[in-house]
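Written below as structure tokens is the structure these notes are about.
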Amino acid sequence: MNRVLKGKNILIGVCGGIAAYKVCDLASRLKKRDMNIDIIMTEASANFINPLTFQSLTSNKVIMNMFETSYDNEIQHIYLAKKADIVLIAPATANIIGKIAAGIADDMLTTTIMATKAPIVIAPAMNSNMYENSILQENISKLKKRGYVFIEPVEGRLACGDTGRGKMAEPVYIENYIESFFAASADLKGKKVIVTAGPTQEAIDPVRFITNHSTGKMGYAIAQKAALRGAYVDLISGPTVLAPPLGVNTINVISAEEMYKKIMELYDKADIVIKGAAVADYAPFNTTEQKIKKDEGNLTIELKKNPDILYELGKNKENKILVGFAMETQNLIENAKEKVAKKNLDFIVANDLKIEGAGFATDTNIVKLIFKDGSIESIPKMSKLDLADIILDRVVSILN
Ligand code: CTP
């Protein structure tokens, strides 16, 4: 198992908390696994640990000051941000979490965090009242929605004498977490993945459009997980209120026609396409330039058929993997099987909108995976993030 971490670059941001002493143990453990460890210390952390301790444990220079020159004239925070395969902030104080959530970059650690494209893992440690403070909790959920990963603190006796949740996770736990991150992330490395998500909007006039209830949550979860597993991900998204996932190239489109054009530009180079978007099948024949004014009788809007994007992709599938979604309200299996054949898919993720806990806007889903050989796998109710991993596991099995 040593190979999993060997040669990987971890950047650890150490903040001012007594749990900083535990990060010395963690650094020593990771060094024994042959990781390359860079350490940025905040000024406050130097009140708890001498930089020389980390320097001796990692055999690397410890960085504290933004304006020190080093690394052959490289700009340090950019250099470290690019070099890292993963960034860990431990112990993470309420202060650093607040700064990241607010987009503040005023020292070596926060500028590096702002500049990195690597996954960021945060291990908080603080007094339990501070941890439960609703402002901190709001900051944590804001960051989670953007793809930052949190290693929850545990309950126990805290340095201040209180007992409660706030102790930083043990070094061995964090070491295992980092190992499982790299073990899992390897399986889509080098693959180009296109994910589509959200609804499309088809304009009637400058103020009205036709759309559906899709929120994009499922597609965004897949894009985020694929990036964590090492893929290069283009996420083509219809209008949603979701934050773009970390480490994903998000391209915003409005209409089915635009989504079609964008995906066709990228399709050639893709290895895997996962078509989570709820594409509008029809669009108004004409979009009027001016707002349609109310008149006496009824209004009829003539609709034209939009391109069936997935069908078009299926015609030139070659050895790409194509995954579709099917939203049904009746005859789930028959309809979904028909779509697999017609659109030339490897499998389809089918859900019945009438079942509670499945479908649009929820954080969970209940689906059946229907494969091109006719086999069916029933997946129980679970979070869209967990389901994203199962869908990607099946993609990886087909790849292999
Ligand atoms: N899809 C697409 N382009 C369309 C319609 C659908 O690419 N114009 C894709 C969706 O992204 C999804 C799959 O096709 O992955 C199935 O979508 P769905 O709406 O369930 O099926 P339709 O083919 O539109 O058929 P129907 O609406 O009759 O169920």
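Just so you know, ligand 1 is whichever comes first in the structure, and atom 1 is the first atom listed for that ligand. One is the number of the first residue; the rest follow in order along the sequence.
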> In terms of side-chain geometry, is the basic nitrogen of D85 or K8 positioned less than 4.0 Å from the acidic oxygen of its partner?
Replying inline: no
> ligand 1: which residues have a non-hydrogen atom closer than 4.0 Å?
Replying inline: K275, A277, V279, D281, P307, D308, I309, L310, G324, F325, A326, M327, K339, K343
Donor-acceptor under 3.5 Å ([X] side chain, [Y] main chain):
X	Y	answer
T58	F54	yes
D205	I292	yes
Q201	P239	no

>> Within the structure provided, determine whether N365 and K381 are in side-chain contact (heavy-atom separation under 4.5 Å).
In response: no
> Are I86 and V14 connected, step by step, through hydrophobic side chains (Ile, Leu, Val, Met, Phe, Trp, Tyr) whose heavy atoms are closer than 4.5 Å?
Replying inline: yes
